[in-house]
Amino acid sequence: MSDSRGTNRKERARSFNELNAVANRAAATGAEPGNGTAEAPSKPDRFGQFAAQASAWLGSKWAFVGAILVILVWALTGPLFHFSDTWQLVINTGTTIVTFLMVFLIQNTQNRDARAINLKLNELIRAIDAARDQMINIESLSDMELQELHTKYEKIKADLPAELPEELKEDAKAKVKAEIKSETKGAN
């Protein structure tokens with residue numbers, strides 16, 4: 001058992017070094033690891049950089065103040081234009097265009113953040129010996145498979161009493177670890 005654990009640690013260390021090298025190349029080029037741009041230093045992800053900067057600025061208090069000012073100017077010019085259909089169309093068209101463009105910026109930023117969080121969690125799962133490697137890349141499971149996992153973990157949580165003496169907590173943790181190991185062996 002200790003041989004397989006030692007081999008497993010060596011494989012994990014090698015895998016970690018490979019991931020670290022990709023991350024370092026990506027950081028040096030400003031590219032994102034995992035999307036194919038880390039190996040191509042001549043092609044930085046300009047849209048990703050623009051989306052991140054635009055989202056940061058447009059999510060600031062100054063952008064909000066600017067939007068309030070635009071609305072105030074528009075409202076104050078109402079009497080000047082006799083609250084005409086054209087006057088109303090200006091704000092409707094402007095807000096529609098801004099909203100349309102913001103959807104793509106926000107989605108790009110959210111995708112990048114979700115990908116980064118998933119990679120960080122995958123690394124933590126991979127680095128912890130007791131963790132189940134099957135949980136890596138869990139975000140690609142179907143909703144039904146995710147619900148099955150959720151139900152399984154809710155059952156495990158329900159089996160653990162909320163208030164346990166310290167020595168019983170260790171026994172309960174050992175029982176959960178044994179269940180996880182037996183499920184892992186059964187899945188392989």
Side-chain angles (χ1 to χ4, degrees), residues 15-16 18-128 131-157:
S15 172
F16 173 76
E18 291 168 2
L19 287 171
N20 204 13
V22 170
N24 288 339
R25 282 196 308 269
T29 62
E32 294 177 60
N35 70 356
T37 59
E39 288 77 20
S42 63
K43 286 182 146 183
D45 183 17
R46 292 185 188 192
F47 179 72
Q49 291 171 347
F50 167 75
Q53 290 174 349
S55 291
W57 188 84
L58 291 168
S60 72
K61 62 183 172 188
W62 299 113
F64 181 74
V65 168
I68 296 290
L69 290 174
V70 167
I71 291 170
L72 285 175
V73 167
W74 172 78
L76 293 173
T77 60
L80 181 67
F81 293 102
H82 306 289
F83 301 100
S84 68
D85 289 342
T86 304
W87 172 79
Q88 292 178 26
L89 190 61
V90 166
I91 197 71
N92 288 338
T93 304
T95 55
T96 301
I97 291 169
V98 168
T99 302
F100 180 75
L101 294 174
M102 283 300 296
V103 165
F104 296 102
L105 291 175
I106 292 168
Q107 189 62 51
N108 180 277
T109 305
Q110 290 294 317
N111 288 346
R112 179 193 327 268
D113 289 347
R115 188 170 39 241
I117 288 170
N118 284 326
L119 287 170
K120 290 175 184 179
L121 290 173
N122 288 347
E123 175 60 17
L124 289 173
I125 290 169
R126 191 186 61 74
I128 298 172
R132 296 174 49 191
D133 290 341
Q134 290 82 8
M135 299 302 271
I136 292 178
N137 211 16
I138 194 172
E139 65 276 2
S140 63
L141 295 179
S142 71
D143 286 341
M144 194 164 55
E145 292 168 321
L146 288 173
Q147 184 57 43
E148 286 174 21
L149 277 173
H150 176 76
T151 303
K152 191 180 295 185
Y153 278 98
E154 285 295 318
K155 182 184 178 300
I156 290 171
K157 186 175 88 175

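Here the structure is a predicted model, which means the values were calculated and not measured.
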So, taking the atom named CG in Asn122 and the one named CD1 in Ile117, what distance separates them when rounded to the nearest 0.5 Å?
12.0 Å
Restricting to side-chain hydrogen bond (donor to acceptor under 3.5 Å, both in side chains), what partner residues turn up for Gln53, sequence neighbours left out?
none
Side-chain donor-acceptor contacts of residues 92-106 below 3.5 Å, not counting sequence neighbours, with atom names and distances?
residue	atom	partner	partner atom	Å
Asn92	ND2	Gln88	O	3.3
Thr93	OG1	Leu89	O	2.8
Thr95	OG1	Ile91	O	2.8
Thr95	OG1	Asn92	O	3.1
Thr96	OG1	Asn92	O	2.7
Thr99	OG1	Thr95	O	2.7

Within the 4.5 Å heavy-atom criterion, are Glu148 and Met144 side-chain neighbours or not?
yes
Taking only residues two or more places apart in sequence, or in another chain, which ones meet Lys120 in a salt bridge (charged side-chain N to carboxylate O under 4.0 Å, His left out)?
none
Is there a donor in the side chain of Asn108 and an acceptor in the side chain of Arg112, or the other way round, less than 3.5 Å apart?
yes
side-chain hydrogen bond (donor to acceptor under 3.5 Å, both in side chains) partners for Glu139, two or more places apart
none
Apply side-chain contact (heavy atoms from CB on, under 4.5 Å) to Ser140 and list each qualifying residue two or more places apart in sequence or on a separate chain.
Asn137
Just to verify, what does Gln147 make a side-chain contact (heavy atoms from CB on, under 4.5 Å) with, not counting sequence neighbours?
His150, Thr151
What distance do Thr109 atom OG1 and Gln107 atom CD have between them, rounded to the nearest 0.5 Å?
9.0 Å
Give every donor-acceptor pair under 3.5 Å between a side-chain atom in residues 60-75 and any protein atom, sequence neighbours left out.
residue	atom	partner	partner atom	Å
Ser60	OG	Trp57	O	2.7
Ser60	OG	Trp62	N	3.4
Ser60	OG	Ala63	N	3.3
Trp74	NE1	Trp87	O	2.8

Any idea which heavy atoms bring Leu141 and Leu149 closest together, and the distance?
CD1-CD1, 3.7 Å
First locate atom CD1 of Ile125, then atom CD1 of Ile138, and finally report the distance between them rounded to the nearest 0.5 Å.
7.5 Å
Crowded around Phe47 CZ? As in, over 12 foreign heavy atoms under 6.0 Å?
yes
When rounded to the nearest 0.5 Å, the distance separating CG of Asn118 from CG of Asp113 is 11.0 Å
